[in-house]
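Remember, it's 1-based here, ligands and their atoms both numbered in the order they're listed. For this chain, numbers begin at 1 and follow the sequence in order.
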Amino acid sequence: MRAVYLVFLFLGAVAAQKKYKLCATSAINPVTCVSLGRGENQVSCDTVVDSSECAIKLNRGEVDFGMFTAEEALLAYNFYPSDSQVIAQLKHPERVDETHEFKAVAVVPSTFTEGKLDDLKQGGFCHPGFSKTQLWNDNILKWFEKKIYNQTCDSSLTTAENEAVNLRNYFGKACRPGNWVSEASHDVALKQKYPELCAACDNTTTCQYNNTDAHGHIDALKCLVGGKGKVAYVALSYVQQYFGINNPVPNIDVNTNTSIWNSYRFLCPNGSLEQLNSTNPCSWLKQPWKMILARNEIAAELQEKLKVWLATDSSVQDWTTALKSILQKDTAVEYLPELKSLSAYLSDGRELATTTTTTSCGSNIRWCTINTEETNKCNWIAKAASTHGIQPDVSCKAENSTFECLRSIASDSADIITIDSHYGHFARQVFNLSSVMYTETDDDRNSVVIAVVREGTTYNVSSFATLKSRSACFPEFGGIAWLSFVNAARLNNVISNSCDVVTEVTNLLSGACAPGFGDGNHQNSTTGTTSSKLCSVCPVEANNASCSANPSNIYYGDKGALECLKSGAGDVAFIEYLNLRDDITAGVINASQYRVLCKNGSLALYTGFQVDEQCALSITIDSEVMGRKSASAINTTNTVLALLKIEDWLGYRVETLRPIDVYGPFNGTKNLLFKDSTTGLETTNSTRKAALAYKELFAHYESCITSGSMTVLASFSTILLLFLAHYL
Ligand SMILES: *[C@@H]1O[C@H](CO)[C@@H](O)[C@H](O)[C@H]1NC(C)=O
Ligand SMILES: *[C@@H]1O[C@H](CO)[C@@H](O)[C@H](O)[C@H]1NC(C)=O
Ligand SMILES: *[C@@H]1O[C@H](CO)[C@@H](O)[C@H](O)[C@H]1NC(C)=O
Ligand SMILES: *[C@@H]1O[C@H](CO)[C@@H](O)[C@H](O)[C@H]1NC(C)=O
Ligand SMILES: *[C@@H]1O[C@H](CO)[C@@H](O)[C@H](O)[C@H]1NC(C)=O
Ligand SMILES: *[C@@H]1O[C@H](CO)[C@@H](O)[C@H](O)[C@H]1NC(C)=O
Ligand SMILES: *[C@@H]1O[C@H](CO)[C@@H](O)[C@H](O)[C@H]1NC(C)=O
Ligand SMILES: *[C@@H]1O[C@H](CO)[C@@H](O)[C@H](O)[C@H]1NC(C)=O
Ligand SMILES: *[C@@H]1O[C@H](CO)[C@@H](O)[C@H](O)[C@H]1NC(C)=O
Ligand SMILES: *[C@@H]1O[C@H](CO)[C@@H](O)[C@H](O)[C@H]1NC(C)=O
Ligand SMILES: *[C@@H]1O[C@H](CO)[C@@H](O)[C@H](O)[C@H]1NC(C)=O
Ligand SMILES: *[C@@H]1O[C@H](CO)[C@@H](O)[C@H](O)[C@H]1NC(C)=O
């Protein structure tokens, strides 16, 4: 009997210690999370990079609850519509009586013909304006206008320009300030071409209101009251503030003349009108408050427990203090009397239709992915782009490898992929692709190519001139180290400007290992050796092949090229330094056995791989977004503008939440869609050093194409195509 009693006690203790895991995004101070772990805590933090990871973990039962904004929940809903319940709202402490975070309303003069939305036609439109520092994203900012005009698409115009045409044709004129698109020169061009859309602004040249406080909402109302437009699309709270409705505190800018506010009405989506002083007026879109989402299984019990924990006496300093500071940071927790499904909670204000609501002008951007994880991330990014109103839509095209993707893009089955700059030359020459955008990285993560020789009392190669009749090791034929070598050799006048680079290099060197070069052996990666000097120092491989660009060739890749040098097969190796940095740091590679040959032709003063900018053969961007060279300018511009908008809303943002990080890890995996080194994107017009240096690597090659004597890689295109099929 006593034993049974003890067992019960034990079980009781276990149950009492059940801990609930809370998603901790970067918005939660890690120190607070540590405090949460102290004492008899019943809640612990589980670190996630963003709310998408939290949603995935909720779905997998790895966490129990998390805090989501409406935008974050809207994205999660698309993938997990029924995994979790809303247990509480997180409201602004001074606005606890309000049902929503904000409501988007349309205000018109009281003379408006009730029931006839088309009365808006040619009447002028007062819009608050675009900026990326506000809560309203493009979806919300464009919600009203897209419901009003009937979209027509002209395939000879970009998506952004079609939008401008539609707006101008319907409203006649407008003030729609801010950046319509995220690339300055395009934005200026659009505003110059469609000045009507700035004609209602205070300053029609800069397309701005006099005052940009309140994100333009108050000024949009002034635009309406000043008669410049027949409708203003703004947040309800600003209407009440501006007209002094339900506002006991007189505001300096408040117009308390009731006969003025009585001259305006709310315009409802069905065309009916409502008084401005109406307590719950019709709106076009309502944003639900931030919320606490919990797994279905524990939602009810957790809500009960939260009520207890958050109500503990504030003089008690324990883990509940930390919990309060997390859940009640700038917010008031309001428990839902009945738990709500995500769809029930969000659909009170937002449209949830998973099918595309309004398809935009312009073709989908088909993003090519190389594995399941990447496809998953792409699907989340595509949905996030669409919930943020970014157009054209992104879709995902799953392939099995980078090579498959390059081919898929070449054959017009996909549109874009990010590649390592190492493959820039292949992508251009073999697949006829071109750069859509360059990626930005921190300076210490640029791609650095250096020439390395064995340290010793004498050097077989001590300058570019002494390369003559020596042998060289390359990670891969046609890779970035090869290109950098060719460029430096040309600059040092050891090879000529001929377009037949292979012959030039063959004539210069006595031998080389440039994996991937050769004819015959690569076609089906079986036997055969090439007689070319460019493969002459490669080892014979297991299957009697040689010069393969795959790990069966021990001289393949950056590590292989260094091995080729170390073994004495080559006198100089051309390598991408960062690919070896970890091995150098770990001591696997002994840096003191090597010395760098600088671009200017002299040896570095010290041994090792650390060299300055002047010495490296090239310092270039690390990766780039590629598309078809033959893509139309319209399609490419659409892609560039959509990618920049994605960066604005899903990239690195200062103090503003994003539901998913387009450059960061997804579901715990790095290097999906973008290399981990990416911090942003820039147009190919970039004048950043690393971008210019990259362009310079291709300048000679481009000039050879133009002059029609393209033999840099051309004779090997077919071989490469077949060969890359196996290894990329
Ligand atoms: C838009 O289309 C609807 C339905 O076809 C039509 O009733 C309405 O008049 C059109 N509006 C405009 C502005 O053309
Ligand atoms: C518009 O803004 C520009 C630049 O700030 C200024 O030079 C110009 O005078 C302004 N125009 C008007 C009408 O205020
Ligand atoms: C904006 O500023 C200009 C110049 O200061 C002024 O003439 C104009 O009346 C102002 N417009 C509004 C709506 O306040
Ligand atoms: C209120 O506005 C009306 C119309 O603009 C004007 O006739 C009236 O004098 C104003 N009243 C006050 C108290 O400002
Ligand atoms: C709004 O104002 C009108 C006219 O001034 C008045 O009749 C009505 O009672 C007011 N409604 C509310 C909800 O205050
Ligand atoms: C139009 O919508 C408003 C609020 O959304 C509603 O109160 C009104 O009854 C509707 N009118 C008609 C004619 O459907
Ligand atoms: C990817 O590889 C798998 C297994 O080899 C195959 O079933 C699938 O069809 C391939 N997918 C594509 C898009 O090539
Ligand atoms: C690239 O373009 C050339 C010339 O236009 C063509 O012969 C070749 O087949 C193209 N390659 C691919 C992979 O589409
Ligand atoms: C592959 O190799 C075999 C013999 O090794 C040869 O008969 C065949 O033609 C090669 N395939 C290609 C595409 O060259
Ligand atoms: C843009 O891309 C789509 C899809 O690849 C294609 O159907 C369309 O013809 C392209 N537009 C132009 C103007 O080339
Ligand atoms: C997340 O990763 C896990 C494995 O770690 C996998 O089972 C799951 O399918 C992934 N989920 C998504 C949405 O990628
Ligand atoms: C690059 O600059 C050229 C000329 O200045 C311009 O026509 C082109 O639109 C720019 N491209 C991008 C992507 O900004």
Side-chain angles (χ1 to χ4, degrees), residues 99-100 103-108 112-117 124 126 128-129 144 147 153-159 161-162 175 177 198-214 216-229 232 236 242 252-253 255 265-276 278-286 348-349 351 359-368 391-397 408-417 432-434 436 626-642:
T99 56
H100 288 79
K103 293 179 183 176
V105 297
V107 182
V108 295
F112 194 88
T113 316
E114 181 149 22
K116 191 158 173 283
L117 279 177
C126 303
F144 171 73
K147 293 271 178 200
C153 293
D154 177 342
S155 64
S156 70
L157 303 178
T158 61
T159 303
E161 187 165 355
N162 269 305
C175 183
C198 299
C201 292
D202 297 336
N203 188 324
T204 54
T205 322
T206 56
C207 203
Q208 280 172 335
Y209 293 121
N210 278 354
N211 190 335
T212 48
D213 294 349
H217 290 252
I218 293 290
D219 281 76
L221 288 166
K222 286 185 185 163
C223 162
L224 170 76
V225 171
K228 291 178 172 173
L236 173 62
Y242 179 70
I252 197 159
D253 214 21
N255 197 331
R265 297 285 182 273
F266 290 115
L267 174 65
C268 306
N270 61 11
S272 65
L273 302 178
E274 289 182 10
Q275 293 270 0
L276 285 198
S278 126
T279 43
N280 185 22
C282 63
S283 54
W284 291 73
L285 179 148
K286 291 182 283 186
D348 178 19
E351 277 181 19
T359 46
S360 71
C361 298
S363 339
N364 276 11
I365 300 163
R366 297 164 300 175
W367 207 318
C368 198
Q391 293 179 330
D393 286 335
V394 170
S395 62
C396 307
K397 175 87 171 87
S408 182
I409 295 171
S411 62
D412 200 2
S413 307
D415 296 311
I416 55 165
I417 186 179
N432 300 331
L433 306 190
S434 68
V436 176
M626 300 299 283
R628 261 181 315 291
K629 192 175 181 179
S630 62
S632 69
I634 297 294
N635 278 355
T636 304
T637 303
N638 280 344
T639 304
V640 168
L641 297 179

[atom] - nearest protein heavy atom and its distance:
atom: atom 7 (O) of ligand 6; answer: E274 OE2, 4.0 Å
atom: atom 9 (O) of ligand 10; answer: N635 ND2, 4.8 Å
atom: atom 14 (O) of ligand 6; answer: N270 ND2, 3.1 Å

Look at [atom] and say whether a protein heavy atom is found at less than 4.0 angstrom from it.
atom: atom 2 (O) of ligand 3; value: yes
atom: atom 5 (O) of ligand 10; value: yes
atom: atom 11 (N) of ligand 3; value: yes

* Asked: Is the SG-SG separation for the cysteine pair C201 and C207 below 2.5 Å?
  -> no
* **For ligand 10, the portion of N364 having any non-hydrogen atom under 4.0 Å away** => neither
* To do: With atom 8 (C) of ligand 3 as the reference point, say which of N210, V225, D202, D219 has the nearest heavy atom.
  => N210
* Proximity flag I634 to ligand 10, non-hydrogen atoms under 4.0 Å ->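 No, I634 has no heavy atoms under 4.0 Å from ligand 10.
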* Asked: For K103 and N280, does a side-chain donor sit closer than 3.5 Å to a side-chain acceptor?
  -> yes
* Would you mind running through ligand 10 and noting each atom that sits below 4.0 Å from a heavy atom of S632? => 11 (N), 12 (C), 13 (C), 14 (O)
